[in-house]
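Below: the structure, in structure tokens.
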Amino acid sequence: MDRKWKWVLSSGALLVIFLGRMTTALEVPLDLPQPPTITHQSPKDFIIDPRENILIYCEAKGKPHPSFSWTRNGTHFDVEKDSKVLMKPSSGTLVIDISGEKAEAYEGIYQCTARNEHGTAVSNNIIIRQSRSPLWSKERKEAIMVQVGVSLVLQCRPPAGLPPPIIFWMDNNFQRLPQNTRVSQALNGDLYFSNVLLDDTRNDYICYARFPHTQTIQQKQPITVKVLDMDAINETVAAMYNYTNNLFVDSPSGERRPSFMAPLGRSSTQMALRGGVLELECIAEGLPTPEVSWYKESGDLPSSRMSFHNFQKTLKIADVMEADAGDYRCTAKNSLGSAHHTIKVNVKAAPFWISAPRNLILAPKETGILTCMVSGDPKPQIAWSVNGVPVEDSPKDMSRKVEDDTVILSDVQTGSSAVYQCNASNEFGYLLANAFVNVLAEAPRVLTPPNNVYQVITNNPAFLDCASFGSPIPTITWFKDSQTSILNKDPYVIHNNGTLEINVAQSLNSGKYTCIASNNLGTKENHVYLEVKEPTRILAQPEYMVVQRNRKAVFECKVKHDPTLIPTMNWLKDNGELPDDERFLVDTDSLTINDVTEEDEGTYTCVMNTTLDQDSASAMLTVVEEPDPPTDLELTDQRERSVQLTWIPGDEHNSPTQKFLVQYEDLLHQAGVWHNLTEEEGTKTTAHLDLSPYAYYSFRVLALNHVGYSQPSQPSRQYRTNPAAPDVNPTDVQGVGTEHNNLVISWKELTGLQSNGPGLQYKVNWRQKDVEEDWSSETVANASKYVVSGTPTFVPYEVKVQAVNEYGNGPAPEAVVGYSGEDVPMSAPESVQVLVQNGTLAEVHWEPVLTSMVRGRLQGYKVSYWRERSLHQAEAQQEEQQVLAFSGNRTDGRLPGLKPYSLYTLNIRVVNGKGEGPPSPNHNFETPEGVPGPPSFLRIKNTNMDSLTLEWGPPQDNNGRLTGYTLKYQPVNNSNELGPVEEMTFPANETTITLADLKYSTRYKFYFNAKTIKGSGPTITEEAITIMDEAFIQQPIVDVVKVHPIGSAFTNVNSSVVGEEGAVISWEYFGPDKNVYVEYIVENSKEDWTKEFVNGSSGSQTYLIKGLKPGTSYRVRVVVKDHSEATIHSTEELVITLPAMKSNQVDLATQGWFIGLMCAIALLILVLLIICFIKRNKGGKYPVKEKEDAHQDPEIQPMKDDDGTFGEYSDTEDHKPLKGSRTPSNGTVKRDDSDDSLVDYGEGGDGQFNEDGSFIGQYSGKKEKDTHEGNESSEAPSPVNAMNSFV
């Protein structure tokens, strides 16, 4: 895993930036008076293109802006007199139009001068030269004839150009001539042959020179080279002239030691300039071609600046230093010897700066120093000038003192500003620098913009600028948060230019900083702000991944950064952009590559950038897949029974090959089927293969790596082996009889490859074991068994099977023992005895059957037994027969699972491979008594306030004689805690008992079991609740309607009514969830279920529902809900009907005062009826009818919308409602606006009159109600109660 931290504002980078700022010459604001400063000029050596105008740069600044003038070849150059020369406005740059003119006319040495009232600055001497590309001189080249093997130099010698041309060799087709260690181009452009070959013969060796400024190419005349084979020439000439001596006997064409072609001799000298490029060259000849190597005798070669070119023949050293001087030795070596050449390198140096003079800003009366420190070899000469005039020729100045490379200015005065020039020169060049002395008196000014915000990452240096100007130079003081004075000590450093450095910035360094610049003329301050940010960190780095081709690769990159910085995540592949492919998916913190291919391999880097820093982490992706199949299968070392197979492995695809699998195909016996033959390690490419005779082999190889097997290789060529006798016999030979008088001999046939030759047969041999008789034999073909008939029953035989073919017999086979066929046993076991252990277990014993009577291989004994009857019963009721098998030669067995107090019968048979023998005589035995089974039922009935009745049934399995029953019971409170236990016993003939003196409204739990003389049987349980006091309890009318249940976590769900507005629900709950609710709803209603939360603990629970409506039917259930309020368990729904209200008020009809009052009211009503009758007969409206018509507003109807009863009534004495009325919860009674409407006397406006005027239904208190209300009164109210509603 690669991980690197990169900081945009790293400490190193900041230091370089800062030091660069510190070493820059002091800048004077342009609004202040100052001498000229050259800001831009052309290079010293300026080669121009004669086809373009000449542009000579000279730019300067100053206050006032300087004027410009030029000299040419040391004399004044009057620009205005030459119409071809133009000086740019406010600039000294010259533009020379050479159209129609020769550029040579403007060649020369130019120098620019910029002056104002405060001084004069001069430029370098700019040498203007025209580029040249002269033509090659015409020459006639004769063909060069050379003997094969000798050295050769083809000279180029191009014409001198400015700048020098670039040389290269090509042929007539403009193709570069091939170069190598034997043939190469020297630095001077010549083409060197260390030795020539016949293939070097050609007529188009052409040297080309390209001149870069003019972009022209000059071509030399082609050179023809003919290489001669002198040995062949000697033989030809000798044959023609019968000449026995060789021609060219002393020819150097044979093999020879190396010698140098360039440079010549054993040593040479070369000079290089500091900062330039040193090129050393050694070209040698010899046969074989020599190799060239380099080393420095007085030290090591500078590896970081050194490179080899031209096939090691050229050593190039860049940026030459004084340490590069010394002796360099090149060695040419071939098989016959070596040659050496030493090049002595001298390093000289043109002048170079150690410290150039810098501008001085001095206040009046101050002292300053200008220094001009240079070095070079030879040592440069230094000359000072003032405003372009040599110091010795300038006016005397008592405040100025010149000492070699230093000018000392003392007690300067206003108006003594000037520009000083330092010229340092030696034979290799010169340096010229301008430095002004500006005498000013100026108050401080801060040049750094105000309120700058600097941001830096924690633990990095911070630099706060306070660039200032003033004369005298201001003193800089820093404050933090306008209070704390910052001293020049840790963690702060105040630099000479006023910059404040914080070595290791921390969050506590954040805040406001103030810098104050002051001198004797004033003070100036500036405010800046520092924000120290948290660094960006990659928390979860991408990890190295090995992914199969076409799978998915996911790189994670989770980052933490300062929340105030905006991060940008970039992913790179091999330090470049990701491919433009939709398979690459970049997410917030991951990179996903789908369907990976081989091209996706590489290094993936996640880079998190902020405006201040970045962090990156890299991981490699390696794509693996199955290896390519091996190739080039070859058969070697071919023998009768073996062969050597070799192959070339295929591409492993980044997963090393673990092994090779060699397979074969037998085209003779099983064409198209490939079998595994052998495996070899993944590092091997050969396999020794053992072969079988009489086969036509083809081989193939598969490679296996971590991903899987490759595709098979192409099959090898076919390899055939000769036939031979069988090497092996059939396997799995067996002798088993299928009938009582036969023996079946079977075997596994040989494969075609195992047959070893044609005509495969099997020779079968057998004889009875332990009997003196000869072997019987039979030969069969294409078979895997042979049947011998007429054998005795189940006797041992020796059998063997041998393979034979046309070329001989297989090896001698080994005999195996088998048995002839079995027959069913002839006799049954004897002496059968039964030992009864207890009521459910018995042991049976018997004598084994004689081996001769078994007549086969004994497998075991089979015991069959069954229950005849219970000992309670006189008649037999035989049950299903049971069978137990006991393997092997057993003589006993155990019979479990018997029923107590029962009569059993059994018999035994012997079993062999053919079947079962005859049964033994039936044997009877009895089991003793045991504990009884559970009572068949326990019911609870007649539940009263303090008593209840229990009924039970006897056990289905008495398992003996019942002696009685045991009852235990105890109370259970609401928290499921059990009370004291009461115990009772009953005789066996009782089936019911009534328990008295119980507590009312209490849950009881009952435990009940039966007994025999052996003890008590299993217990059954039941629960019941006694009812409440009769003053508050009415026997409910409960209709239980079963609806589809949702769950089965509830049992024993019961309900009972308590009073007229309540019901009790009880249940047992055994689920793990605790959110248990009781839900109820009015039957046939479409409203939502009302739910009430109850304690969700397991066990028995009871809950009282209050506030129900009397005379109403409800559906009730208990449910369990999860956290999302979804029902996960539910009981069956119970339908509970509450009774209508009973009236407990005093019957007012028996009170005397009330009788009198009623008589008066009745008389009043009679009078009203008579009046109404009269009005009606006259056709007029009676007042009561008018009020009926006016009662259209439902708010003034006296009838209740919800239950159809009369208006509400409240008795202030006992607050008991009249029958058929309802009392509001706030205890108030709403009176109607009308007191005399007939609506108030009956059932609303539905009352009618008879023909005789009597009012029908005036005493009727019953009204048909909506079916969904279900709360009508069980009896109609009396007229007295109807009248009471209007009091």
Side-chain angles (χ1 to χ4, degrees), residues 146-157 167-169 176-197 199-200 225 227 250-348:
V146 62
Q147 183 181 355
V148 64
V150 303
S151 60
L152 176 66
V153 180
L154 299 183
Q155 295 181 343
C156 181
R157 306 296 167 86
I167 306 300
F168 51 93
W169 289 80
R176 286 187 178 269
L177 294 176
Q179 298 186 25
N180 47 45
T181 57
R182 186 179 63 87
V183 182
S184 61
Q185 176 183 315
L187 293 175
N188 65 356
D190 293 347
L191 191 63
Y192 281 77
F193 294 78
S194 295
N195 51 76
V196 295
L197 305 176
D199 293 340
D200 294 329
V225 175
V227 181
D250 297 327
S251 171
S253 62
E255 291 188 349
R256 59 194 179 277
R257 293 164 56 93
S259 63
F260 284 100
M261 304 170 69
L264 300 174
R266 297 183 61 84
S267 64
S268 60
T269 303
Q270 191 166 334
M271 189 270 291
L273 285 178
R274 179 184 181 274
V277 176
L278 172 63
E279 289 184 310
L280 304 178
E281 183 178 58
C282 283
I283 301 177
E285 65 91 20
L287 189 66
T289 302
E291 300 286 340
V292 178
S293 60
W294 293 85
Y295 76 94
K296 187 179 181 183
E297 293 182 351
S298 56
D300 296 330
L301 293 173
S303 58
S304 61
R305 298 178 289 111
M306 174 199 73
S307 59
F308 292 106
H309 301 271
N310 198 20
F311 310 100
Q312 294 282 113
K313 299 175 185 179
T314 303
L315 170 63
K316 184 176 181 180
I317 299 176
D319 193 17
V320 173
M321 304 168 62
E322 288 83 353
D324 295 330
D327 294 337
Y328 291 81
R329 188 172 185 179
C330 62
T331 300
K333 186 177 181 180
N334 67 8
S335 59
L336 300 180
S338 60
H340 307 281
H341 184 90
T342 301
I343 304 175
K344 185 177 182 61
V345 174
N346 297 315
V347 177
K348 300 295 183 179

Practice item. Taking Gln270 for its side chain and Glu279 for its backbone only, find out whether a donor-acceptor pair lies under 3.5 Å. Key: yes

Check your understanding: Among side-chain atoms of His309 and Ser307, is any donor-acceptor pair under 3.5 angstrom?
Key -> yes

Review point. Would you say Glu255's side chain and Leu336's backbone share a donor-acceptor pair under 3.5 angstrom?
Key: no

Check your understanding: Is it the case that more than 12 heavy atoms not belonging to Asp300 sit under 6.0 Å from its CG atom?
Key -> no

**Study point:** Neighbour count >12 (heavy atoms, 6.0 Å) for atom NZ, Lys333
**Key:** no

Check your understanding: Between CD1 of Ile343 and SG of Cys330, what distance do you get to the nearest 0.5 Å?
Key -> 5.5 Å

**Study point:** Pro288 backbone acceptor or donor facing Asn334 side chain under 3.5 Å
**Key:** yes

Review point. Are side-chain heavy atoms of Thr331 and Glu291 found at a separation under 4.5 Å?
Key: no

Exercise for review: Could you grab the distance from atom CH2 of Trp294 to atom SG of Cys282, nearest 0.5 Å is fine?
Suggested key: 3.5 Å

**Study point:** Partner of Val345 under side-chain contact (heavy atoms from CB on, under 4.5 Å), chosen from Leu280, Asp324, Thr269
**Key:** Leu280

Review point. Between atom CG of Leu187 and atom CD1 of Ile167, what is the distance when rounded to the nearest 0.5 Å?
Key: 11.5 Å

Review point. Distance only, no hydrogens: is a donor on one side chain within 3.5 Å (strictly under) of an acceptor on the other, for Thr289 and Asn195?
Key: yes

Practice item. Give a yes or no answer on whether the side chain of Asn310 reaches the backbone of Gln185 with a donor-acceptor pair at less than 3.5 Å. Key: yes

